[in-house]
Participant: 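Sharing a structure, written as structure tokens. Questions coming.
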Amino acid sequence: MSILFTHIKELLQTRPKSELKVVGNAMKDLPHIKNAFLRIQGDTIVDFGPMHDLVVQETDEVIDVTGKIILPSWCDSHSHVVYAGDRSQEFVDRLNGLTYEEIAAKGGGILNSVQVLQDTSKETLFEQSVERVNTLIQLGTGALEIKSGYGLSTEAELKMLRVIKAIKEISPLKIKATFLGAHAIPKKYKRDKQAYLDLIINTMLPEIHAQKLADFVDVFCEKGYFSLEDTEQVLEAATLYGLVPKLHVNQFNAFGGIALGVKHKALSVDHLEVLNEDDIQVLKGADTIAVALPGCSFFLGIPYTPARRLIDTGLALALASDYNPGSAPSGNMNLTVSLACIKMNMSPEEAINAATLNGAYAMDISEHYGSIATGKKANLIITKNLTSYRQIPYHFGNNPIHKVMLNGVFVA
Ligand code: NIG
Ligand code: FE
């Protein structure tokens, strides 16, 4: 099946296939072609350019998209979209004055979701999660990383990872799975954290490896959760099983998590709401990409990742939703892009680069996703009539999307 889009008002993020991320000042530039065409063959982009260069060729379907913008679908590199139930009661508790950390200290927070997930069957967990994933597709997400981390027992962590695998099998989304067994210390191990780390290292990791259930490993490296030493134990063991780290670091405290991630060749370090100068220096020259999660800062009322400092110092930045029931109960990447502009002073060009190609880099899939290049997957957002791509972040909270194509097929 071949499809030709014609009269595209702006075709965004057109780059050579070999360009795998956008760094520092270069993020200010969002390459695009005005009045463009785009040709798809099967699930792949095969040609594009300005309309005046279009060569007539036999095509199964021609779609005139006058007035509309086409861009690569969002690449959301950090989510916890597989979870059970919700935490709207804690949301109200926070509105009444409790902090996220106080709720967690009382046994709520992540451990609340753990209890519910352990009591939920695999089938129900799958149903609840697929519904969320389908909403994300409508909102333009084409690639998604999903973490475990609400199981915290061997059985429940495996249940989560199997649900992620099952979603991968039925969904048109490109999905990457991350093992986040070290997300919180389960109640049972409250007084013996090392015993829980041993369970992760000696039981969970070998089983996950044997069943090929994860691509990446993550640890919540934070005061009251996992220290640098704890994190290092998990990373050393996981690396032996070929799992590349993607870390939760510097959400509330800065104490060297980023340097540890870089040392262990982490693909990404995520959150970074609290950053000191050493953290920034250590990222210079590293392949590890910084990931900001503005939806979490918005929802919890905590500081935003200092995007200007990171980008102006020459670093690459990706944007992700952090979709989860506690700190970011929305996976809407259109809103993430808006928040990045409004609250982090990123330009629309920087935010779109961060949510497409750099997001793909943070999942190690930017060879095939995240930009418009011949040979890349036809994962596209076709917008409603817009005057320019600047209207995507400008109309915050609105849905700018007319249609979504994944793997060359219209899915929304
Ligand atoms: O990325 N900070 C740790 N993990 C999640 C929140 C998990 C939760 O509250 O359920 C996050 O913000
Ligand atoms: Fe997270």
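Ligands are counted one by one from 1 in listed order, and the atoms in each one are counted from 1 as well.
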Participant: Hey, which atoms in ligand 1 end up nearer than 4.0 Å to a heavy atom of Y100?
Facilitator: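 Matching atoms, with element in brackets: 6 (C), 7 (C), 8 (C), 9 (O).
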Participant: Atoms of ligand 1 less than 4.0 Å from R87 heavy atoms?
Facilitator: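 Those atoms are 8 (C), 9 (O), 10 (O).
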Participant: Can you tell me if NZ on K384 sees more than 12 non-hydrogen neighbours from other groups inside 6.0 Å?
Facilitator: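 Above 12, so yes.
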Participant: Looking at H78, which atoms of ligand 1 are within less than 4.0 Å of one of its heavy atoms?
Facilitator: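 That gives atoms 1 (O) of ligand 1.
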Participant: Checking contacts here: is it the side chain or the backbone of E222 that comes within 4.0 Å of ligand 1, counting heavy atoms only? Could be both or neither.
Facilitator: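 The answer is neither.
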Participant: Specify whether an N/O/S atom of H271 falls short of 2.8 Å from the Fe ion (ligand 2).
Facilitator: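 Short answer: no, not a single N, O or S atom is under the cut-off.
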Participant: What protein heavy atom sits nearest atom 12 (O) of ligand 1, and how far off is it?
Facilitator: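 Looking only at protein heavy atoms, the one closest to atom 12 (O) of ligand 1 is S327 OG, 2.6 Å.
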Participant: Looking only at protein heavy atoms, which one is nearest to atom 2 (N) of ligand 1, and how far off is it?
Facilitator: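 Sorting protein heavy atoms by distance from atom 2 (N) of ligand 1 puts Q251 OE1, 2.7 Å first.
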Participant: Tell me the angle that NE2 of H78 and NE2 of H80 form around the Fe ion (ligand 2), rounded to 10°.
Facilitator: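 With the Fe ion (ligand 2) as the vertex, the angle is close to 100°.
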Participant: Grab the two heavy atoms, one from P400 and one from N334, that are nearest each other, plus how far apart they are.
Facilitator: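 Heavy atoms only, the tightest pair is CG-OD1, 3.6 Å.
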Participant: For I164 and A177, which heavy atoms make the closest approach, and how far apart are they?
Facilitator: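 Looks like CG2-CB, 3.8 Å.
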Participant: Output the distance between atom CD1 (I289) and atom NZ (K21), rounded to the nearest 0.5 Å.
Facilitator: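 Answer for the CD1-NZ pair, I289 versus K21, is 6.0 Å.
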Participant: Among protein heavy atoms, which lies nearest atom 4 (N) of ligand 1, and at what distance?
Facilitator: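 Looking only at protein heavy atoms, the one closest to atom 4 (N) of ligand 1 is H183 NE2, 2.8 Å.
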Participant: Just wondering, is there an N, O or S atom on D322 that's nearer than 2.8 Å to the Fe ion (ligand 2)?
Facilitator: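 It does: D322 brings an N, O or S atom closer than 2.8 Å to the Fe ion (ligand 2).
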Participant: Is a side-chain donor-acceptor pair under 3.5 Å present for H248 with D270?
Facilitator: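 On atom types as modelled, these side chains do not qualify, holding no pair under 3.5 Å.
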Participant: Please determine if the Fe ion (ligand 2) has an N/O/S atom from H248 lying under 2.8 Å away.
Facilitator: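 Under 2.8 Å: H248 contacts the Fe ion (ligand 2) through an N, O or S atom.
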Participant: Tell me, which protein residue and heavy-atom name are nearest atom 11 (C) of ligand 1, and how many Å apart are they?
Facilitator: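 Of the protein heavy atoms, D322 OD2, 3.2 Å lies nearest.
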Participant: Are more than 12 heavy atoms, taken from residues, nucleotides or ligands other than F410, located less than 6.0 Å from that residue's CZ atom?
Facilitator: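 Atom CZ in F410 is packed in, count exceeds 12.
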Participant: What part of Y150, side chain, backbone, both or neither, has a heavy atom within less than 4.0 angstrom of ligand 1?
Facilitator: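 Answer for Y150: side chain.
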Participant: Would you say L71 and I392 make side-chain contact, with heavy atoms under 4.5 Å?
Facilitator: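 Heavy-atom side-chain distance check passes, below 4.5 Å.
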Participant: Other residues, nucleotides and ligands only: do more than 12 of their heavy atoms fall within 6.0 Å of CD on E155?
Facilitator: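 Atom CD in E155 is not crowded, with 12 or fewer foreign heavy atoms closer than 6.0 Å.
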Participant: Output yes when the distance from some N or O of ligand 1 to some N or O of S113 is under 3.5 Å, and no in every other case.
Facilitator: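 Between S113 and ligand 1, no N or O pair is found under 3.5 Å apart.
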Participant: So which atom in K68 and which in T383 form the shortest heavy-atom distance, rounded to 0.1 Å?
Facilitator: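 Minimum heavy-atom contact is CG-O, 3.2 Å.
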